[in-house]
Amino acid sequence: MKDLGSQVAYWDTVGVGKTFTHPVDFAWLAEVGRDARVLDYGCGYGRVMGELSERGFSELRGVDVSAALVERGRGLRPDLDLTVLEDPPTLPHPAAGFDLVVVFAVLTCVPDDEAQRNLVAELTRVLAPGGLLYVSDVVLQDDERNRRRYAAHAREFGTPYGVFATDDGAVCRHHDIAHLHALLSDFDVVRERRLDVATMNGNRSGAVQLLARKR
């Protein structure tokens, strides 16, 4: 139960070969200028950044805790600006330095309440007033397998309901939607949608995407 704010050891070994799939709804970004300053927090191997680049976004920065994932991304897309985040969630960027921050399947990998709050606070700091935060993450599942995992982990470790361990060693979290809204209390949610996604281990899960504007 150590290192739940980043789980670097997992992402530098088992996690480096995972495929990430949460889709970008570009209709939500139709009014965002292609010269907007964009940060992808938890960029992994740069998949989302690559899609943004192909749609004309030119001021892209990506950070991730995993040096192995960043190295993979640099090999796949050497044109992208991918950086290892040395002291998560602290960012080496000034306040109000970005117009759009994307956080795709990141909170699920940061199961601790305080670590999540600290992450969102740091993203709020680097977003300009009126800037957009685009969150995609996994919600609580209703099937028996997941309910059993949530309950077992909560009993053993005292973690919030929805936290569980994968068979290959990651500790993840599925979220009550009210919890995600509470994390974004400094924002106005302007778009929200439910969707199904493939997880990094190839399972289907319900997810939510939120587009929120900083007040």
Side-chain angles (χ1 to χ4, degrees), residues 1-23 40-44 48 63-66 68-69 85 87-90 101-124 133-187 189 192-210 212:
M1 292 300 293
K2 297 179 180 179
D3 191 30
L4 290 189
S6 57
Q7 301 188 76
V8 175
Y10 175 84
W11 295 110
D12 276 347
T13 54
V14 179
V16 70
K18 300 295 185 180
T19 298
F20 309 134
T21 64
H22 287 229
D40 184 354
Y41 186 100
C43 63
V48 170
V63 296
D64 200 278
V65 299
S66 169
L69 276 168
L85 192 59
D87 185 25
T90 303
V101 175
V102 295
V103 193
F104 272 36
V106 172
L107 291 173
T108 190
C109 305
V110 183
D112 180 71
D113 276 342
E114 183 177 2
Q116 287 192 351
R117 288 192 293 268
N118 290 341
L119 170 55
V120 173
E122 180 66 354
L123 300 181
T124 304
L133 180 64
Y134 188 171
V135 177
S136 186
D137 224 292
V138 185
V139 295
L140 288 171
Q141 310 297 301
D142 291 331
D143 61 285
E144 178 62 24
R145 171 176 168 268
N146 275 299
R147 290 200 304 268
R148 192 164 55 244
R149 293 198 296 180
Y150 303 156
H153 212 270
R155 283 196 304 269
E156 184 172 359
F157 298 108
T159 52
Y161 183 77
V163 176
F164 63 97
T166 65
D167 292 338
D168 59 4
V171 180
C172 299
R173 181 173 184 171
H174 294 165
H175 297 91
D176 185 326
I177 188 63
H179 171 76
L180 293 177
H181 279 279
L183 282 174
L184 302 180
S185 60
D186 290 328
F187 293 79
V189 175
E192 182 173 337
R193 69 168 180 149
R194 297 294 184 104
L195 67 161
D196 288 330
V197 297
T199 71
M200 64 182 184
N201 288 331
N203 300 307
R204 301 301 302 182
S205 287
V208 66
Q209 294 195 335
L210 302 164

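Note that the numbering runs from 1 along the sequence shown for the chain.
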Is the shortest heavy-atom distance from the side chain of [X] to the side chain of [Y] under 4.5 Å?
| X | Y | result |
| --- | --- | --- |
| P160 | H179 | no |
| H175 | V208 | no |
| T199 | V138 | no |

Which residues pass the ring-ring contact (aromatic ring centres under 6.0 Å, His included) test with Y10, not counting sequence neighbours?
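With sequence neighbours excluded, Y10 shows a ring-ring contact (aromatic ring centres under 6.0 Å, His included) to no residue whatsoever.
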
What distance do [X] atom [atom1] and [Y] atom [atom2] have between them, rounded to the nearest 0.5 Å?
| X | Y | atom1 | atom2 | result |
| --- | --- | --- | --- | --- |
| L123 | D186 | CG | CG | 12.0 Å |
| L180 | E192 | CG | CD | 9.0 Å |
| L119 | C109 | CG | SG | 11.0 Å |
| T124 | L133 | OG1 | CG | 7.0 Å |

Where do [X] and [Y] come nearest, in terms of heavy atoms and distance?
| X | Y | result |
| --- | --- | --- |
| G162 | L140 | CA-CD2, 3.6 Å |
| V139 | R194 | CG2-NH1, 4.2 Å |
| S66 | D64 | N-OD1, 2.9 Å |
| V106 | D137 | N-OD2, 3.5 Å |
| T166 | C172 | CG2-SG, 4.0 Å |
| T159 | H153 | OG1-ND1, 3.2 Å |

Mind checking side chain to side chain contact (heavy atoms under 4.5 Å, CB included) for [X] and listing every partner two or more places apart, or none if nothing turns up?
| X | value |
| --- | --- |
| R145 | D143, R148, R149, N203 |
| A151 | R155 |
| S136 | H22, F104, Q209 |
| V16 | A68, L69 |

Crowded around E144 CD? As in, over 12 foreign heavy atoms under 6.0 Å?
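Yes, because the 6.0 Å sphere around CD of E144 holds more than 12 heavy atoms from other groups.
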
So, using side chain to side chain donor-acceptor pair (under 3.5 Å) as the criterion, who are the partners of R117 when residues are at least two apart?
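Partners of R117 under the side chain to side chain donor-acceptor pair (under 3.5 Å) test: none.
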
All side chain to side chain donor-acceptor pair (under 3.5 Å) counterparts of Q141, not counting sequence neighbours:
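In terms of side chain to side chain donor-acceptor pair (under 3.5 Å), with neighbours along the sequence ignored, Q141 is linked to no residue.
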
Return each pair, listed once, that meets salt bridge (charged side-chain N to carboxylate O under 4.0 Å, His left out) where at least one residue sits in residues 172-181; pairs must be two or more places apart or across chains.
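Sorted result for residues 172-181: D113-R173.
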
Which residue pairs pass the salt bridge (charged side-chain N to carboxylate O under 4.0 Å, His left out) test when at least one of the two sits in residues 156-165, sequence neighbours left out?
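Counting only pairs at least two positions apart or across chains, no salt bridge (charged side-chain N to carboxylate O under 4.0 Å, His left out) contact touches residues 156-165.
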
Keeping Q116 on the side-chain end and V110 on the backbone end, is there a donor-acceptor pair under 3.5 Å?
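Judged by distance alone, yes, a pair lies under 3.5 Å.
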
Using atom types as modelled and distance alone, determine if a side-chain donor or acceptor of D112 lies under 3.5 Å from a backbone N or O of A115.
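Yes; at least one donor-acceptor contact below 3.5 Å.
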
Taking the inter-plane angle between the rings of Y150 and Y161 on a 0 to 90° scale, is it parallel (under 30°), tilted (30 to 60°) or perpendicular (over 60°)?
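It falls in the perpendicular class, over 60°.
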
By salt bridge (charged side-chain N to carboxylate O under 4.0 Å, His left out), which residues pair with D168, not counting sequence neighbours?
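Partners of D168 under the salt bridge (charged side-chain N to carboxylate O under 4.0 Å, His left out) test: K18.
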
